[in-house]
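A, B, ... follow the sequence lines: proteins, then strands. Residue 1 opens every chain. What you see below is based on every heavy atom in this structure, not just the backbone, and it leaves out hydrogens, waters and symmetry mates.
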Amino acid sequence: MKVLLFILQKEFRQIFRDRIILAMMTFVPIVQLSILPFAANFDIKNINLAYLDHDRSPYSEKLMHKIASSGYFELVGYPFSYREGLNQIERGEADLILEIPAGFERNLIREGKQKVNIAVDAINGTKSALGGGYLTSVLADFNANLVMNIQSPVGAAGTRVARIEIAGMSWFNPREEYKYYMVPGILVLLLTLIGGFMSALNIVREKEIGTIEQINVTPIKKWQFILGKLVPFWIVGIIVFTIGLTVQYLVYGIFPQGSLFTLYLFAGIYLIALLGFGLLISTVSNSQLQAMFVAFFFVMIFILMSGFFTSIDSMPGWARQMSYLTPVTHFIHVVRLIVLKGSGLEHVLKELGYLIVFAIVLNGLAIWNYRKTS
Amino acid sequence: MSKHFGDFKAVDRITFDVNEGEIFGFLGANGAGKTTAMRILCGLSFPTSGQAKVAGYDVYRQQEKIKKHIGYMSQKFSLYDNLTILENIEFYGGIYGISRGEIRQRGDALVKTLGLDKEAKKLVGSLPLGWKQKLAFSVAIFHRPRIVFLDEPTGGVDPITRRQFWDMIYQAANEGITVFVTTHYMDEAEYCNRVTVMVDGRVEALDTPARLKRQFQSDSMDGVFYQLARKAKRTSD
């Protein structure tokens, strides 16, 4: 135990003497959390629309204004032909073409229906899919109003069709603001980056400068050494997490709905798992460069598969399995549940179990794989 | 004992005894196998075959016990550059289980004898190499081990500092610490009680410097070393 205290003292001295690490601890969470949520935003705006109007009637003009005023679309061109519109897509000026056929107004009034053509540039998948969706809902809305406008004056009760209106309501994030979704996720990423990389580089640095050999020739116990590396970075991680939560509250007004205790419990265990992962990497690598690449490879996979950007439910089966095998997935899930939904500890016991297993396995491997004698 | 890396016999059936309290010189060209043998004796690596005991403990099964009783100074400088002199002493003393009070007391005394009291709170990284090496040696014997292993401790150090360094080695030997030292400097070999010369992983000679010079009819250890090392088939790395 005494030995451990000496090791901890030394590690803390080194960490607090390292200005870059100190900067990482304080500025990185603040900067990342202030900037990223605005950039990593799935709310698609500024969809460039080419409006190809063969009708040029009051109705088609009305539709155009409705689209323009929806806030999502930017009318970038009024081509005269479909080919011309297509050229605009090819040049990247337009994402969508809405083609209004001749006789649009006449058919709508006389027959109550009219087909329009939407052509979507599918290079930017998300933007085009969402853009097409938005446009369809704007059209549906226009259509509904039209039905009212056209049919109401007739007033014949028999022609009235009963309609079911679907009103959506988003729970836990009523305005569907992406920042509520993204900010907690980014907080997790921060912890992942700082925890994973700092610990991965640490033992390797001792290998590089040669001090590890001096350590290995002392009667130090393996667990003392690993714990001596783990505890300081754990504390740094918790500090970063706290700074992150503060920024989240001050900048975005997001205060965890659930209990802070549960949140910190998870953060604590998650950090242990992650630091174990970092230490494991540093026991297999011989240089900081190697450790960096290996850590980068895994962290990249962790993040992309974690459900941070994309929904896990829509991944193919094998990918879903892989996703469950990364600690990040569970932690992001839990943080969102606790922060946004206010879930209690009893709702996230399964995730707690996962994280504990990760913590034990990764740290166990790190201790097992650290060799004082080769 | 032997140590093989694949087909390569880094250490090839070497046999020797080191007496308690002596200064034992371990010579050989680059790549002769000195460091490999020393690492085995320090419990940093397993021998492939053979037997060896250090301070009475077996190198296969009792490495952690060996580690309690030895000090080691590697070729690479192995103190922490971003800690001060006293912090380094405190850390290494602490791992060997010395109490805080004793560390402080002996640390202060050590800094004074080294003439580093003004630098005690400076980062080790800012010291000149010669001072660093003297400090590293002092730290290696700070916990009063029975044996200290020194792997080319005076590499790159100026002649005056080397002389002072050897004074420190004698001082340690007088206190009863057995010194096991590798070196490339043949004048340093003269300072040893007994010397072995390793060539291509084997011990080619083992005796006092005086007797070796007589045996090889040379008036310096340089001559002895040339005669032996010339037989080497391995190219140095």
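Side-chain contact check for A:Gln14 versus B:Asn82: some heavy-atom pair is nearer than 4.5 Å. Contact check for A:Arg13 versus B:Tyr80: no side-chain heavy atoms found under the 4.5 Å cut-off. Looking at heavy atoms from C-beta onward, A:Ile209 lies out of side-chain contact with B:Phe77 at the 4.5 angstrom threshold. In this structure the side chain of B:Tyr72 never reaches within 4.5 angstrom of the side chain of A:Asn216, judged on heavy atoms. Taking the side chain as every heavy atom from C-beta outward, A:Phe6 and B:Ile103 approach each other to under 4.5 Å.
Around CG of B:Asn174, the count of heavy atoms belonging to other residues, nucleotides or ligands within 6.0 Å exceeds 12. Under a cut-off of 6.0 angstrom, the local environment of CZ in A:Phe27 is sparse, with at most 12 non-hydrogen atoms contributed by other residues, nucleotides or ligands. Surrounding OH of A:Tyr249 are at most 12 heavy atoms belonging to other residues, nucleotides or ligands under 6.0 Å away. Dense packing is recorded around CD of B:Glu102, with more than 12 heavy atoms of other residues, nucleotides or ligands lying under 6.0 Å away. The environment of CZ in A:Phe293 is sparse: at most 12 heavy-atom neighbours from other residues, nucleotides or ligands sit within 6.0 Å. The number of heavy atoms from other shown groups lying within 6.0 Å of CZ (A:Phe298) does not exceed 12. Heavy atoms from other residues, nucleotides or ligands lying under 6.0 Å from CZ of A:Phe296 number 12 at most.
Interface remark: B:Leu79 contributes backbone atoms only to the contact with chain A (heavy atom separation under 4.5 Å). No part of A:Gln224 comes within reach of chain B, as not one of its non-hydrogen atoms sits under 4.5 angstrom from that chain. Within the 4.5 angstrom heavy-atom criterion, atoms from both the backbone and the side chain of B:Glu87 approach chain A. For a residue to count as touching a neighbouring chain, one of its non-hydrogen atoms must lie under 4.5 Å from one of that chain's; by this rule A:Lys2 does not touch chain B. Residue B:Gln75: no heavy atom, backbone or side chain, is found under 4.5 Å from chain A.
With respect to chain B, the highest number of heavy-atom pairs below 4.5 Å among A:Arg17, A:Glu206, A:Arg371 belongs to A:Arg17. The candidate with the highest count of non-hydrogen atom pairs below 4.5 Å against chain A, out of B:Lys65, B:His69, B:Glu90, B:Arg39, is B:Glu90.
Here the OG1 atom belonging to A:Thr211 is positioned 5.5 Å from the OH atom belonging to B:Tyr92, to the nearest 0.5 angstrom.
The two atoms that bring A:Pro219 and B:Tyr96 nearest to each other are CD-CE2, 3.2 Å, heavy atoms only. Residue B:Leu44 comes nearest to A:Val217 through the heavy atom pair CD2-N, 4.0 Å, listed as atom of the first residue, atom of the second, then distance. Here the closest non-hydrogen pair linking B:Met73 and A:Gln214 is CA-OE1, 4.3 Å. Closest approach of A:Gly210 to B:Ser78, counting heavy atoms only: O-CB, 4.1 Å.
The existence of a salt bridge linking B:Glu64 and A:Lys222 is excluded, since no basic side-chain nitrogen approaches an acidic carboxylate oxygen closer than 4.0 Å. Ion pair B:Lys76/A:Glu213 not flagged as a salt bridge, since none of the NZ, NE, NH1 or NH2 atoms sits closer than 4.0 Å to an Asp/Glu carboxylate oxygen.
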